[in-house]
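Working notes for the structure below.
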Amino acid sequence: MARTPRRGVSLGMPFYQTPPELGNQYEADPVLRAYLDAALPPDVRKDLEPEMLELGALAGGPLYRMQLEGRNDEPKLVQWDAWGHRVDRIELTPLWARAAEIAARHGFVAKAYERKQGALSRIAQFALVYLTEPSLCVYSCPLAMTDGAARTLESSRNAALVDRALPRLTSRDPATAWTSGQWMTERTGGSDVAVCESVARQVDGAWRLSGTKWFSSATTSQMALTLARPEGNPPGGSGLALFYLEVRDAEGAPNGIRVNRLKEKLGTRMVPTAELTLDGTLATPVYGLTDGIKNISPMLTVTRTWNSVCAVAGMRRAIALARDYAQRRVAFGAPLAQKPLHADTLAGMEAEYEGAFLLAFRTVELLGKDDVGEASDDDKQLARIATPIAKLMTAKQAVAVVSEALEAFGGAGYVEDTGLPRMLRDAQVLPIWEGTTNVLSLDLLRVVSRGGDLSALAREVESCIKGADPSLKEPAELARGACLRALEWIVAAKDNGPASAEAGARRFALTLGRAWELALLVREATRAKRPEDRARFGAAARRFARHGVDQVADADLAADAQLLAG
Ligand code: UCC
């Protein structure tokens, strides 16, 4: 008869382990605290403290437990009611319902528009998001789109739409707060948006949309921004127009929208991602009847920034769990934390995360300045390239770091009811949605090919490494050298023709990204207020430098690529 082992009773080789735990996620985060100490004036910093402590406790306690308990919860699509009426109602999970309430009350979107901290408001906003998001199972998705829609409408100066939607998108009252969708992807694809097939027709003076939206995230939103081609417009992105629509009419009936099904996805399982048919959907043009892609770009800037912040938040959560577990798990006679190779592995993950954190929040700083019209010419140049670089860098780093964190748990990291595998599945979307690594590398190339100046980045790197401690000479020089070489490489590659620049675009973007992250680590090691923070950022800079920075040095690999890619 098989023996059932009781907890704590050893039967030969027991495989009982103590699960990892999280404490207050704000108190336990020296990187966030050191960054905020350096980036914010003391009065702003002090004002944020109580809310950070509150959310840190929530994220590491009740929300984390709720997330583990609701591990298998998923949204449900109810297409028909009992009496045969098509209702297309999506029921959300209890965690998402709680997330919506927390997000509204704490102003996860509103903070950026109340602008109480002026240009620093984005830092305040994203610090809260970063603290809480890892316990909310990607509720960041509707919030990111809501923030993106708010900014797009605000910059459109379309007074009627601003008056109607902005107060709702930025409401702190959960009963009245709206979220927004961003319906861009069609059956023709998600990257090459210009070939979108949806059509807009004017009927009795009102615009009506028809088409299929193939990946519509968080479809429970009250409104959406979407693209369609007004009848008679030419093909291509400039022939598309940006439209605003409300998902239901005043009586709650669908606005010519059918939810065909929810997607079966690898991760982000709490996000209801739907295939939609638009059939005579009433919509309003946001900014005229052309240039839809250009006009939706403020939305992309915001959602890509959310992606970067959520990527670093996910990395930190995975590292926090792995580090806690390393204190508890005894193997080969000692806790894993005391094993030199395990400690070395955790250190490598931490260095990548710290570099990623600083680049994500640098992007946030630049967005905040732009929001309030305080961006200098250099800030504007930097902001345009920071968004794609930070998004592509942090997303790739998140997948690598979270994967390594799962490995740090051994078999437990591969077992569903530990809650750990979900982190990797959710990380894997980060390099895909909102522009893949290659699409964002090409976006960086777009800036260069349209005459954009990248010299602000060389100045940024220079200012980060200025005054660095002699122990950081090597990483500082590495960051400067890699950045300059990449900027020289792109000039030469352009001269060699578009194929050469395109083939090396990812290596170019990654080099700038790694050089920028390294320079920011050096800056933080120099400017941090407390000696222990300076020491830790310095150690992170030295370790990060060893993971490789310059990838353009060997970028002329066209002939090899032909052989290898087939
Ligand atoms: O919707 C999705 C899921 C939502 C979930 C949200 C979650 C958020 C994160 C949550 C946190 C965890 S996923 C689908 C998202 N789709 C994309 O990201 C699209 C990816 N594709 C691209 O980005 C492509 O590069 C395209 C679509 C922009 C390429 O289109 P075109 O037509 O070939 O582009 P053009 O002709 O080069 O650009 C058209 C105009 C140009 O302006 P002008 O003509 O004045 O030069 C560009 O400079 O748009 C301008 N433009 C931009 N401006 C294009 N991209 C940008 C940009 N990024 N910033 C500023």
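In each ligand, atom 1 is the first atom listed, and ligand 1 is the first ligand listed.
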Between [X] and ligand 1, find which residue part has any heavy-atom pair under 4.0 Å and reply side chain, backbone, both or neither.
X: R446; result: side chain
X: A144; result: side chain
X: D291; result: neither
X: D443; result: side chain

| When you look at Y113 and D371, which way does the side-chain hydrogen bond (donor to acceptor under 3.5 Å, both in side chains) test go after all the steps? | CA-CA 9 Å; Y113 297 85; D371 279 346; over 6 Å; no
Closest non-hydrogen protein atom to [atom], residue and atom name please, with distance?
atom: atom 40 (C) of ligand 1; value: K294 CB, 3.7 Å
atom: atom 4 (C) of ligand 1; value: E434 OE2, 3.2 Å
atom: atom 57 (C) of ligand 1; value: R384 NH2, 3.3 Å
atom: atom 9 (C) of ligand 1; value: N307 OD1, 3.6 Å
atom: atom 22 (C) of ligand 1; value: V439 CG1, 3.5 Å
atom: atom 24 (C) of ligand 1; value: S191 O, 3.6 Å

| query | Between W306, F357, F361, which is the residue that forms a ring-ring contact (aromatic ring centres under 6.0 Å, His included) with F126? | reply |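 The passing option is W306.
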| Is there a side-chain contact between V447 and Q381, using heavy atoms and a 4.5 Å cut-off? | no
| request: Would you mind reporting whether V247 and N255 have side-chain heavy atoms less than 4.5 Å apart? | output: no
Which of the atoms of ligand 1 are close to [X], meaning less than 4.0 Å from one of its heavy atoms?
X: S217; value: 3 (C), 4 (C), 5 (C)
X: L300; value: 18 (O)
X: G435; value: 18 (O)
X: S297; value: 52 (C), 53 (N), 56 (C), 57 (C), 59 (N), 60 (C)
X: G190; value: 16 (N), 19 (C), 20 (C)

Shortest non-hydrogen contact from [X] to [Y]?
X: A59; Y: R317; answer: O-NH2, 3.7 Å
X: K391; Y: E434; answer: CE-O, 3.6 Å
X: G419; Y: L68; answer: CA-CD2, 4.0 Å

Counting both backbone and side chain atoms, is some N or O of [X] under 3.5 Å from an N or O of ligand 1?
X: W433; answer: no
X: Q182; answer: yes
X: T185; answer: no
X: R450; answer: yes

| query | Do Q222 side-chain atoms and T179 backbone N/O form a donor-acceptor pair below 3.5 Å? | reply |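 The answer is yes, because a donor-acceptor pair under 3.5 Å joins these two groups.
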| task | Keeping the roles fixed (side chain from Q551, backbone from R506), state whether a donor-acceptor pair exists under 3.5 Å. | result | no
| message | Can you tell me if R248 has over 12 outside heavy atoms packed within less than 6.0 Å of its CZ? | response |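 Counting neighbours around CZ of R248, more than 12 heavy atoms of other residues, nucleotides or ligands fall under 6.0 Å, so yes.
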| query | Just checking, any donor-acceptor pair under 3.5 angstrom between side chains of T176 and S171? | reply | yes
| message | Heavy atoms only: which of K391, R304, M145, M299 lies closest to atom 23 (O) of ligand 1? | response | R304
| field | Options G239, A427, S140, P142, ranked by nearest heavy atom to atom 11 (C) of ligand 1, top entry | value |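 Selected option, by shortest heavy-atom distance: S140.
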| Face-on cation placement of R261 at F215 ring, 6.0 Å and 45° thresholds | no
| Contact between E133 and ligand 1, counting heavy atoms under 4.0 Å? |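 No.
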| Hey, is I293 one of the residues with a heavy atom under 4.0 angstrom from ligand 1? |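 Yes, that is the case, since the closest heavy atom of the residue is under 4.0 Å from the ligand.
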| field | Distance, nearest 0.5 Å, that separates OG of S180 from CZ of R168 | value |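 S180 OG to R168 CZ: 13.5 Å, rounded to 0.5 Å.
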| said: Rounded to the nearest 0.5 Å, what separates atom CD in E197 from atom CG in L227? | reply: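 Between atom CD of E197 and atom CG of L227 there are 13.5 Å.
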